[in-house]
Amino acid sequence: MSSRPEVTLAQRKRQLVSDELSEAALQLLALKGFDAVTIDEIAATAGVSKRTFFRYFASKEDVVVRFLTGMGTDMRAALASRPLGERPSASLRHTVWVSMAACADHGDRALRVVRLILRTPALRARFLERQDQWRDDLAAELAQRLGIDSGTHLYPQLAAGMALTAFDAVLQRWSGSEGAEDPADLTDRAFATIAPALDSVG
């Protein structure tokens, strides 16, 4: 008899606990501020022990940053899915928009988390560390698409860096406007500015 259904059930339960902890943390942090919320408080709100919290997360920072953890993977997948003959600026604009759209689709919840990350120095630092990895991943994907050596050619790292700088600028403008500014319009404007450089593959 296969044990797969039991594994699936266990995974489902684990995901449920993780989601409940994340939701409790995000609500508390958005309401009270990052420094004012304790791990004990998060665990109690989620109805679990502090020990259980540490089975899922290493710190408060991990809870918040995990909200955006999948973005790097999604960005690389989005870039890989684009037509090979497409202009780099168009491919990278789509790549960034996948993550911006995910934020916009989550509405107020995403807005609260983005503001929390951008306005809390510890979280901002962690987010920028994560973006360093995204840049390397996007650069590797760009190099493969263009058939160039990322070890000797400057373009992939520079192009990936510009795309992520645009992403960061759009996030800041969107969150700074309390969600009033259209993220699609902001993304279009950002990439219109950097498109000439992105499309100059030398």
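Since this is a predicted model, take the numbers as computed values, not measurements.
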Problem set entry | Connected via hydrophobic side-chain network under 4.5 Å: F54 and L29 | yes

Problem set entry | Partner of C103 by side chain to side chain contact (heavy atoms under 4.5 Å, CB included), out of L171, L111, V170 | L171

For this session: Work out which heavy atom in S89 is nearest to a heavy atom in L198; give both atom names and the distance.
Result: CA-CD1, 3.9 Å

Exercise. Short question: side chain of K60, backbone of T38 - any donor-acceptor pair under 3.5 Å?
Worked result: no

Exercise. So, are R124 and D168 salt-bridged, with charged N and O less than 4.0 Å apart?
Worked result: yes

For this session: Could you tell me the separation between the CZ atom of R115 and the CG atom of L123, rounded to the nearest 0.5 Å?
Result: 14.0 Å

Problem set entry | R126/D62 under side chain to side chain contact (heavy atoms under 4.5 Å, CB included): CA gap, chis, key distance, verdict | CA-CA 9 Å; R126 290 287 298 278; D62 283 347; 2.4 Å; yes

Exercise. Which heavy atom of T120 sits nearest a heavy atom of L116, and at what distance?
Worked result: OG1-O, 2.7 Å

Exercise. R145 and L79: side chain to side chain contact (heavy atoms under 4.5 Å, CB included), yes or no, with the steps?
Worked result: CA-CA 9 Å; R145 287 169 60 81; L79 181 57; 3.9 Å; yes

Seminar exercise, completed: Between L142 and A160 the two heavy atoms that sit nearest each other are CD1-N, 4.0 Å

For this session: Give the minimum heavy-atom separation between Y155 and P88, together with the two atoms involved.
Result: OH-CB, 3.2 Å

Seminar exercise, completed: In short, L186 meets R173 closest at the heavy-atom pair CD1-CB, 4.0 Å

Problem set entry | Q144 and S150, any side-chain heavy atoms less than 4.5 Å apart | no

Problem set entry | Flag side-chain contact, heavy atom, 4.5 Å: L21 against S18 | no

Problem set entry | Stepwise side chain to side chain contact (heavy atoms under 4.5 Å, CB included) check, Y56 with R14 | CA-CA 9 Å; Y56 292 86; R14 185 171 176 81; 3.3 Å; yes

Exercise. Considering only heavy atoms from C-beta outward, does the side chain of P183 approach that of W97 to under 4.5 Å?
Worked result: yes

Problem set entry | Joint cluster assignment, L118 & W174, ILVMFWY side-chain distance < 4.5 Å | yes

Exercise. Does a side-chain heavy-atom distance below 4.5 Å link E181 with R189?
Worked result: yes

Exercise. Once you round to the nearest 0.5 Å, how far does CG of L26 lie from CG of L31?
Worked result: 12.5 Å

Exercise. Is the shortest heavy-atom distance from the side chain of H94 to the side chain of E86 under 4.5 Å?
Worked result: no

Exercise. Side-chain contact, heavy-atom cut-off 4.5 Å: L16 with E20?
Worked result: yes

Exercise. Aromatic rings W134 and F167: how do their planes relate, parallel, tilted or perpendicular, breaks at 30° and 60°?
Worked result: tilted

Problem set entry | Side-chain H-bond candidate by donor/acceptor type, Q133 with E129, under 3.5 Å | no

Seminar exercise, completed: Between the OG1 atom in T8 and the CD atom in Q11, the distance rounded to the nearest 0.5 Å is 5.5 Å

Exercise. Could you give the distance from OG1 (T95) to CE (M100), rounded to the nearest 0.5 Å?
Worked result: 14.0 Å

For this session: Calculate, to the nearest 0.5 Å, the distance between atoms CG and OG belonging to L158 and S200 respectively.
Result: 11.5 Å

Problem set entry | Least distance between heavy atoms, M75 atom then L164 atom | SD-CD2, 3.9 Å

Exercise. So do I42 and F57 actually touch side chain to side chain, heavy atoms under 4.5 Å?
Worked result: no

Problem set entry | Distance in Å, I39 CD1 paired with F53 CZ, rounded so as to fall on 0.5 Å steps | 4.5 Å

Exercise. Between T45 and E41, is there a donor-acceptor pair closer than 3.5 Å when you use the side chain of the first and the backbone of the second?
Worked result: yes

Exercise. Do F191 and V96 come within less than 4.5 Å of each other through their side chains, counting heavy atoms only?
Worked result: yes

